[in-house]
Amino acid sequence: MTGDALDTAAPFELASPVLEVAPSLLGAFLEAGGVRLRLTEVEAYAGVGEDPGSHAHRGRTPRTEIMFGPPGRLYMYFTYGLHWCANVVTGPAGRASEVLLRAGEVVSGQEAARVRRQGAPDRDLCRGPARLATALGLDGGSLGVDLLDPSSPVRLLAGSHDPVRVHTGPRVGVAGEGAQRPWRFWLDGEPTVSPYRAAVTRTRN
DNA sequence: TGATGGATTACA
DNA sequence: GTAATCCATCAA
C-alpha cells in the first residue's frame, strides 16, 4: 500500500449516514460498459423531509421507490429531456438518501468511453454527472442494479484517497433552502472535477 | 388533463 | 447566453 496517509480500501459501509458515505466514495472505482473510472466528485442528498434538494424529499413515489430500499443499489434519473444521472443509494433502508456521482477519471476502457462521448477530450469524458453516465453506457435500464454484487453489470469497487485532498462546497444546480449546504465533495486538484454553477433561475419572459 | 420546471450539456 | 427535449410531480 502507499502509506498511512491514505484511507484503507476497506469494504464500503453504504448503510452509514449519507454525509459519511459520500466522501468515502472519492477514489473508489465504478465499472460498467467496459469502462472503469475513479470517482473524483460526488454530492450527498439526504432523504425524506431532511433535504429539499432531494428527489425523495416529498416521499415515496414511483420514481423514488428504489431509494427506499437497501443501500448499494443504483438510482438513475432522467432530466432535462436528454440526460441520465447515476446515484448510489445509501443510509439505513427507508431513509431514501443517495450520492450523486458527478465526475470521475477514466482509468481503463478509454476507447469505449470515447466512442460514447464522441469528440470530447479525455478529461471531459466523465466530467459532469450526465457525461459520466453516458461514458459508461448507463441509463434507465440500469436502475436498481446492486453495485456490490460482483456479477452485476455495474459495480462499485473499493479505492482510496488522501483525506487532506477532500474539499467541500455547495451542490451544483440546487436551488432553495438546500442550496447552501456544503454537501458536494471532491478531490482538490483533480482536473476531472466539474465546474461549480449556482442554480439557474429559469429564464422568464 | 394540463402546466411546470428541472441534481445538464453543447454550442452560438 | 440559450436551445434541446422528456417526464415526474402537482394543481385542479
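Lettering follows sequence order; numbering is per chain, from 1.
In this structure, Gly173(A) reaches the sugar-phosphate backbone alone: every heavy-atom distance under 4.0 Å involves primed, P, OP1 or OP2 atoms, never a base. Here Arg171(A) lies out of heavy-atom contact (under 4.0 Å) with every strand. Arg117(A) comes within 4.0 angstrom of sugar-phosphate atoms only, judged by non-hydrogen atoms across all strands, and of no base.
If you take NE2 of His57(A) and P of dT9(C), they are 13 Å apart, rounded to a whole angstrom. The nearest whole Å value for the distance from the NE2 atom in His83(A) to the P atom in dA3(C) is 15 Å. Distance CD (Glu65(A)) to P (dA8(C)): 14 Å, rounded to an integer number of Å. Spacing between atom CD of Glu43(A) and atom C1' of dT8(B) amounts to 12 Å, rounded to whole angstrom units. Distance, Arg197(A) CZ to dG6(B) P: 13 Å, rounded to whole Å. When the P atom of dG5(B) is taken as reference, atom CZ of Arg63(A) falls 15 Å away, rounded to whole Å. Rounded to whole angstrom, the span from the CD atom of Glu41(A) across to the P atom of dT8(B) amounts to 10 Å. Regarding Arg127(A), its CZ atom lies at a distance of 14 Å from the P atom of dT8(B), rounded to whole Å.
Counting non-hydrogen atoms of neighbouring residues, nucleotides and ligands closer than 6.0 angstrom, the CZ atom of Arg60(A) exceeds 12 such neighbours.
A donor N or O paired with an acceptor N or O is found under 3.5 Å between the base of dA7(B) and the side-chain atoms of Tyr77(A).
Between Thr61(A) and dT9(C) there is a side-chain N or O to OP1 or OP2 distance below 4.0 Å. In this structure, Arg58(A) reaches the dC10(C) phosphate: one of its side-chain N or O atoms is under 4.0 Å from OP1 or OP2. In this structure, Arg181(A) does not reach the dA7(B) phosphate: none of its side-chain N or O atoms is under 4.0 Å from OP1 or OP2. Between His55(A) and the phosphate of dA7(B), there is a side-chain N or O to OP1/OP2 separation shorter than 4.0 Å.
Aromatic stacking of Tyr80(A) on dA4(C): not satisfied for centres closer than 5.5 Å together with planes under 30 degrees.
With distances taken from any side-chain atom of Thr64(A) to the nucleotides dA10(B), dT9(C), dT5(C), the minimum falls on dT9(C). Residue Phe78(A) has its side chain nearest to dC7(C) when only dT9(B), dA10(B), dC7(C) are considered. When each of dT9(B), dA7(B), dT9(C) is scored by its nearest atom to the side-chain atoms of Tyr45(A), the top-ranked nucleotide is dA7(B).
Taking for each of Gly128(A) and Thr79(A) the nucleotide of DNA chain B with the nearest heavy atom, the 5'-most of the two is the partner of Thr79(A).
With C1' as the reference atom, dG5(B) and dT2(C) are 16 Å apart, rounded to whole Å.
When hydrophobic clusters are built by joining Ile, Leu, Val, Met, Phe, Trp and Tyr residues whose side-chain heavy atoms come closer than 4.5 Å, directly or via intermediates, Leu74(A) is grouped together with Leu14(A).
Residues Asp162(A) and Arg165(A) are not paired through a salt bridge, judged by the lack of any N-O separation under 4.0 Å between the basic side chain and the carboxylate.
dA10(B) and dT2(C) make up a base pair, with Watson-Crick or G-U wobble contacts both under 3.5 Å.
A ring-ring contact (aromatic ring centres under 6.0 Å, His included) with Trp84(A) is found for exactly one of Tyr77(A), Tyr75(A), Phe78(A), namely Phe78(A). The residue from Arg36(A), Arg38(A), Arg123(A) that alone fulfils the salt bridge (Lys or Arg N to Asp or Glu O under 4.0 Å) condition with Glu105(A) is Arg38(A).
Between the side chains of Ser194(A) and Glu41(A), at least one donor-acceptor pair of N or O atoms lies under 3.5 Å.
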